[in-house]
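All remarks here apply to the structure that follows.
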Amino acid sequence: MNDEAKRNDDAMRNEATSGEESSHGDTVLVVIDVQTGFEDAAYWGSGMPNDAVNHVSRLLADWAARDRGPVVVVRHDSRDPASPLHPSGPGNALVPAVADAAADLLVVKHVNSAFLGEPSLDVWLRGAGLSRLVLCGIQTNMCVETTARMGGNLGYDVTVVLDATTTFDLVADVPGLGRTHVPAAELARTTAVNLAAGGFARVSDTASVLAE
């Protein structure tokens with residue numbers, strides 16, 4: 001190989017290496033509503049017996065240790081005074097692992113989607129040129145799923161870390177179905193299928209995301 005060809009080959013290698021490195025550092029970890037109020041079993045009812053908060057902690061630690069990208073923390077400020085997530089109560093607080101994380105942005109919301117909070121998540125992401133999102137948090141089929149759907153519709157590359165989310169059983173009177181009870185685990189499975197089959201987001205798990 002002559003000198004010019006070698007220089008070209010080295011340049012191509014450097015570009016490839018640079019591209020590999022840039023795949024980390026610009027993926028946004030979005031931690032949704034991991035608040036102490038969700039520990040109120042009397043209010044929320046039966047939930048999934050999983051280790052979601054610990055998985056969220058592991059993701060936060062990995063993002064910090066490997067400088068994988070910005071961290072966005074989302075907090076739900078319920079407008080219902082009876083909710084454990086109302087700003088006047090202690091349950092509005094983030095769990096310690098999330099509260100102690102070095103977040104690049106805190107979004108406060110009153111509805112399901114993190115894209116409809118303050119400040120605007122969409123404006124912040126686009127201003128920073130960020131398009132890859134990894135979502136985790138509470139509840140799987142509520143705020144996490146809504147944020148994933150909206151993110152997908154807005155053109156973001158979204159991954160939901162399913163075992164780093166959790167949710168609770170739902171009961172409702174539905175015309176044509178009557179009194180309907182859906183267990184939390186079934187709700188989570190349905191969310192996963194809706195997001196993956198509907199093209200809104202990829203669905204992954206903590207071990208896979210940590211291995212990337």
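FYI, side chains are in, hydrogens and waters are out, and symmetry mates aren't considered; it's all heavy atoms of this structure. All figures in this text were calculated on a predicted structure; none of them were measured in a lab.
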Any side-chain heavy atom of [X] within less than 4.5 Å of one from [Y]?
X: Ser83; Y: Tyr43; result: yes
X: Thr36; Y: Leu94; result: no
X: Leu195; Y: Glu145; result: yes
X: Val161; Y: Leu135; result: no
X: Leu105; Y: Val73; result: no

Practice problem: Under the side chain to side chain contact (heavy atoms under 4.5 Å, CB included) rule, what do Val28 and Arg132 come out as? Steps first, then yes or no, please. | Solution: CA-CA 6 Å; Val28 184; Arg132 288 200 295 270; over 6 Å; no

Quiz prompt | Pair Phe115 and Tyr156, ring centroids less than 6.0 Å apart | solution = yes

Taking every non-hydrogen atom, the tightest pair across [X] and [Y]:
X: Val71; Y: Ala102; result: CB-O, 4.3 Å
X: Ala164; Y: Leu59; result: CB-CD1, 3.8 Å
X: Pro175; Y: Asp173; result: CD-O, 3.9 Å
X: Leu29; Y: Cys136; result: CD1-SG, 4.1 Å
X: Thr146; Y: Asn112; result: OG1-CB, 3.6 Å
X: Leu162; Y: Ala188; result: CD1-O, 4.0 Å

Hydrophobic cluster membership, [X] vs [Y], 4.5 Å side-chain cutoff:
X: Trp124; Y: Val108; result: no
X: Val160; Y: Val74; result: yes
X: Val30; Y: Leu106; result: no
X: Ile32; Y: Leu154; result: yes
X: Leu133; Y: Leu60; result: no

Do the side chain of [X] and the main chain of [Y] share a donor and acceptor less than 3.5 angstrom apart?
X: Thr147; Y: Ala114; answer: yes
X: Ser88; Y: His86; answer: no
X: Asn92; Y: Gln35; answer: no
X: Thr27; Y: Gly69; answer: no

Self-check item: Atom pair OG1 (Thr140) and CG (Asp163), whose distance is rounded to the nearest 0.5 Å
Solution: 10.0 Å

Exercise. Hey, could you give me the CE/CG distance between Met150 and Leu121, rounded to the nearest 0.5 Å?
Key: 9.5 Å

Any chance you could pull the hydrophobic cluster mates of [X], using side-chain heavy atoms under 4.5 angstrom and chaining through other members?
X: Met142; result: Leu170, Val182, Leu187
X: Leu177; result: Val174
X: Val123; result: none

Partners passing side chain to side chain contact (heavy atoms under 4.5 Å, CB included) against [X] (at least two apart in sequence or in another chain):
X: Ser204; value: Thr159, Ser208, Val209
X: Val111; value: Leu116
X: Pro183; value: Asp169, His181, Glu186
X: Phe168; value: Phe38, Trp44, Ile138, Gln139

Quiz item: If we ignore angles and hydrogens, is there a donor and acceptor under 3.5 Å between the side chains of Thr167 and Asn141?
Solution: yes

Quiz prompt | Val158 vs Phe200, side chain to side chain contact (heavy atoms under 4.5 Å, CB included): CA-CA, chis, key distance, verdict | solution = CA-CA 7 Å; Val158 181; Phe200 298 102; over 6 Å; no

Exercise. Before giving the answer on side chain to side chain donor-acceptor pair (under 3.5 Å), spell out for Ser131 and Asp157 the whole-Å C-alpha distance, their side-chain angles and the decisive distance to 0.1 Å.
Key: CA-CA 6 Å; Ser131 61; Asp157 179 351; over 6 Å; no

Quiz item: For Arg189, what residues pass the salt bridge (charged side-chain N to carboxylate O under 4.0 Å, His left out) criterion, not counting sequence neighbours?
Solution: none

Quiz prompt | By salt bridge (charged side-chain N to carboxylate O under 4.0 Å, His left out) - contacts of Asp122 (at least two apart) | solution = Arg126

Inter- and intrachain pairs under salt bridge (charged side-chain N to carboxylate O under 4.0 Å, His left out), touching [range], at least two apart:
range: residues 93-113; answer: Asp33-Lys109
range: residues 38-65; answer: Asp62-Arg66, Asp62-Arg68
range: residues 70-87; answer: Arg75-Asp77

Practice problem: Begin from the C-alpha positions of Arg179 and Val171 and carry the test side chain to side chain contact (heavy atoms under 4.5 Å, CB included) through to its verdict. | Solution: CA-CA 7 Å; Arg179 187 74 168 169; Val171 180; 3.3 Å; yes

